[in-house]
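Each remark here refers to the structure printed beneath this line.
Since we're looking at a predicted model, the values are computed, not measured.
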Amino acid sequence: MLRTLALQIKGFKRDAILTPICMILEVVFETMIPFLMASIIDHGVETGDIRHIYRVGAGMVVLAACGLLAGILGGRFAARASAGYARNLREAMFVNIQSFSFSNIDKYSTAGLVTRLTTDVTNIQNAFQMLLRMCFRAPFSMICAMAMAFAINARLASIYLGAVVFLGILLFLIVNSAMKYFQRAFPKYDDMNASVQENVSAIRVVKAYVREEHETERFKRTSQNIYDIFMKAEYKVIWNMPLLQVTVYTCIMLISWIGAKMIVSHTLTTGELMSLLTYCMNILMNLMMLSMVFVMLTMSVASARRIVEVLEEESDLRDPEQPIFQVEDGSILFEDVDFAYQRSSGEPVLRKISLEIRAGETIGVIGGTGSAKTSLVNLISRLYDVTAGRVLVGGRDVREYDLETLRSQVAVVLQKNVLFSGTILENLRWGKADATEEECRQACRLACADGFIGKMPDGYHTYIEQGGTNVSGGQKQRLCIARALLRQPKILILDDSTSAVDTATDGKIRQAFAQEIPGTTKIIIAQRISSVEGADRIIVMDDGRVDGFGTHEELLRENEIYREVYESQKSGGGDFDEKAGES
């Protein structure tokens with residue numbers, strides 16, 4: 001874990017090294033000041049030597065200025081190193097997330113990844129800054145102050161040593177008992193973020209069903225869980241300050257009492273006693289700083305583990321050693337394919353799939369909810385790898401292709417259509433970054449999107465709000481289809497992507513596909529028979545198996561499921577799932 005985290009210091013190693021050096025210099029300058037103060041009292045004030053007071057006082061001013069400069073530089077370097085480190089962590093996690101396959105992404109919730117990129121990284125950033133500054137400054141300051149105290153009077157300095165050992169043991173026990181609560185707290189942030197994300201994204205549904213009060217109570221419960229856990233941790237940590245104060249005041253009383261006797265017996269000077277009291281405060285305050293560092297590090301350990309989990313996650317889809325960079329055509333072949341989402345123990349969602357699709361064909365896919373239609377097409381662009389058998393595109397196993405090459409030739413319009421904040425043109429150019437405006441218009445004409453775009457106030461420069469909230473479901477689907485067409489793929493997959501489009505527009509889109517992109521293999525997943533009956537052939541899926549594969553007429557004659565669905569939809573007696581479920 002430490003090695004993985006340490007790799008992200010790259011680019012800021014110089015600042016990370018200069019910070020402790022500055023902190024050590026600051027400690028050296030500060031440690032000398034009480035020693036000079038003792039000289040002023042013993043050899044200046046008590047003897048009336050004003051020149052000595054001026055001379056030594058000037059030295060104290062110089063040391064204080066140097067210590068101040070070192071502290072400022074240390075703070076500057078630490079801020080730059082910690083902020084840069086946090087930037088590197090976020091960037092490394094984000095880049096690694098982009099390489100994840102769907103199966104990798106399935107391991108994490110969206111809210112969990114957001115928490116890792118924000119709250120967890122901020123915890124690490126704060127802990128790293130404390131580590132650079134206090135973990136070097138505090139121990140070195142304690143060692144220097146202890147050495148100076150023993151140099152002045154070993155008998156009185158031994159009181160400090162005993163206090164440090166006593167406090168160190170107690171603080172270790174306190175921090176250790178608080179650690180388990182901090183480790184439980186941060187995963188709860190995932191639940192809270194998930195609650196907020198779900199509520200905001202579905203705010204229209206919440207308001208439509210008047211569930212604001214329910215959602216508020218749900219958020220309160222999640223927030224209360226975090227509060228309770230942190231309060232339990234704080235109840236442990238708050239003992240730091242009382243124990244420290246008791247120890248400090250006890251040391252001051254003992255040193256003052258014993259020191260006064262030693263002054264009377266002329267074995268200790270007044271200036272030396274003042275220095276010892278200053279070093280006492282120095283040692284014990286630095287011990288308190290160390291305890292704060294330990295608390296911060298304890299809080300960050302849980303965050304560090306969650307960050308490293310993402311950084312060390314490796315995509316289970318990799319390019320072969322000698323990948324193929326050209327897809328010959330849009331032909332597809334499934335050879336005895338099995339697929340399970342969990343390779344080791346998962347129940348297969350696809351079983352013994354064998355299909356051959358010729359380049360340029362239009363293939364319809366129909367089946368009930370949970371029949372694995374989407375799982376089937378996800379294997380074509382290698383969003384997942386098969387568990388057994390193989391999938392061939394253009395005559396080659398999809399595992400032989402360069403992933404970017406394969407996916408650039410297999411355009412997928414998923415069930416959940418996503419538009420990003422930006423203009424319509426910017427969204428369309430996700431399909432082809434250098435597409436001209438005319439190319440975008442042509443793609444929109446094919447997708448029957450140019451009509452409604454022309455009615456918008458700014459046309460193709462109309463701004464799309466985050467998530468496409470200012471366009472309807474059907475408009476969003478057509479924009480996503482146009483975006484996929486801009487890639488000019490050899491295979492186009494529409495995964496129930498016209499469900500929000502009226503039947504007439506759906507027919508126009510299919511007619512445009514047949515006329516304008518005849519060489520592209522088109523796979524259309526749909527619930528409506530009308531969306532697929534004009535396809536060259538139709539696949540009927542049932543419980544992860546191919547129940548039928550043929551033309552509309554062949555399936556009406558030979559496939560019972562397809563015939564029941566057709567009759568139910570034509571007669572208006574129900575939808576696919578109701579009929580297919582009964583059969």
Side-chain angles (χ1 to χ4, degrees), residues 110 197-198 200-209 362 364-365 373-374 377 410-433 435-489 491-517 520 522-532 534-535 575:
T110 303
Q197 181 188 25
E198 191 175 54
V200 173
S201 61
I203 191 67
R204 289 170 175 78
V205 179
V206 173
K207 290 187 177 296
Y209 285 87
T362 298
V365 182
K373 303 184 298 295
T374 299
V377 297
V410 182
V412 184
V413 184
L414 298 170
Q415 286 176 318
K416 294 182 179 180
N417 297 286
V418 176
L419 294 176
F420 298 89
S421 53
T423 65
I424 289 176
L425 276 177
E426 288 170 346
N427 269 278
L428 291 172
R429 283 171 178 153
W430 273 70
K432 183 182 178 185
T436 64
E437 187 167 335
E438 182 52 39
E439 287 177 316
C440 293
R441 289 176 182 273
Q442 175 61 19
C444 288
R445 281 192 285 270
L446 289 177
C448 295
D450 58 323
F452 74 81
I453 295 174
K455 295 176 183 177
M456 290 183 167
D458 297 317
Y460 283 81
H461 299 279
T462 300
Y463 190 84
I464 300 294
E465 301 294 339
Q466 184 178 11
T469 55
N470 59 333
V471 291
S472 70
Q475 291 171 341
K476 188 187 297 185
Q477 286 186 336
R478 282 176 277 173
L479 286 173
C480 290
I481 292 171
R483 183 172 62 188
L485 290 172
L486 266 176
R487 298 175 69 171
Q488 299 177 336
I491 299 172
L492 175 64
I493 299 172
L494 302 181
D495 187 354
D496 206 13
S497 304
T498 56
S499 57
V501 175
D502 61 86
T503 307
T505 304
D506 186 15
K508 289 179 182 178
I509 293 173
R510 286 184 280 109
Q511 184 178 3
F513 286 174
Q515 293 175 353
E516 301 293 336
I517 51 172
T520 299
K522 297 164 283 292
I523 299 177
I524 303 171
I525 298 176
Q527 296 291 342
R528 295 187 300 219
I529 291 288
S530 60
S531 296
V532 299
D575 61 22

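Taking Arg441 as the reference, Glu437 meet the salt bridge (charged side-chain N to carboxylate O under 4.0 Å, His left out) condition, with sequence neighbours excluded. For Phe420, the side-chain contact (heavy atoms from CB on, under 4.5 Å) test picks out Val418, Asn427, Trp430, Arg483, with sequence neighbours left out. Applying the side-chain contact (heavy atoms from CB on, under 4.5 Å) rule to Gln442 yields the partners Arg445, Leu446, Glu516; only residues at least two apart in sequence or on another chain are considered. For Lys476, the salt bridge (charged side-chain N to carboxylate O under 4.0 Å, His left out) criterion is met by no residue, not counting sequence neighbours. For Arg510, there are no side-chain hydrogen bond (donor to acceptor under 3.5 Å, both in side chains) partners two or more places apart in sequence or in a different chain. Every residue two or more places apart in sequence or in another chain that forms a side-chain contact (heavy atoms from CB on, under 4.5 Å) with Gln515 is listed here: Gln511. Listed by chain and residue number, Ala484, Arg487, Pro489, Leu492 satisfy the side-chain contact (heavy atoms from CB on, under 4.5 Å) test with Ala411 (two or more places apart in sequence, or in another chain).
Tested against Arg478 for a side chain to side chain contact (heavy atoms under 4.5 Å, CB included), the candidates Ile509, Val413, Asp450, Ile453 yield a single pass: Ile509.
Between atom CD1 of residue Ile491 and atom CD1 of residue Ile523 there is a gap of 6.5 Å, rounded to the nearest 0.5 Å. Annotation: the span from Gln527 atom CD to Asp496 atom CG amounts to 5.5 Å, rounded to 0.5 Å. Taking CD from Gln488 and OG1 from Thr520, the interatomic distance works out to 8.5 Å, rounded to the nearest 0.5 Å. Phe513 contributes atom CZ, which lies 8.5 Å from atom NZ of Lys522 (distance to the nearest 0.5 angstrom). The CD1 atom of Ile464 sits 6.0 Å away from the CG atom of Leu479 when rounded to the nearest 0.5 Å. Distance check: Tyr463 OH to Met456 CE gives 14.0 Å after rounding to the nearest 0.5 Å.
A side-chain donor-acceptor contact under 3.5 Å links Asn470 to the backbone of Glu465.
Atom NZ of Lys508 is surrounded by 12 or fewer heavy atoms from other residues, nucleotides or ligands within 6.0 Å.
Taking each heavy atom of Pro457 and Thr462 in turn, the nearest pair found is N-OG1, 4.5 Å. Taking both residues in full, the closest heavy atoms of Ala435 and Leu486 are given as CB-CD2, 4.0 Å, listed atom of the first, atom of the second, then distance. The minimum heavy-atom distance between Leu428 and Ala482, with the atom names listed, is CD2-CB, 3.8 Å. The heavy-atom pair separating Ile524 from Ser531 by the smallest distance is CG2-O, 4.3 Å.
In this structure, the side chains of Ile493 and Val410 come closer than 4.5 Å at one or more pairs of heavy atoms.
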Under the side chain to side chain contact (heavy atoms under 4.5 Å, CB included) rule, what do Cys444 and Tyr460 come out as? Steps first, then yes or no, please.
CA-CA 10 Å; Cys444 288; Tyr460 283 81; 3.4 Å; yes

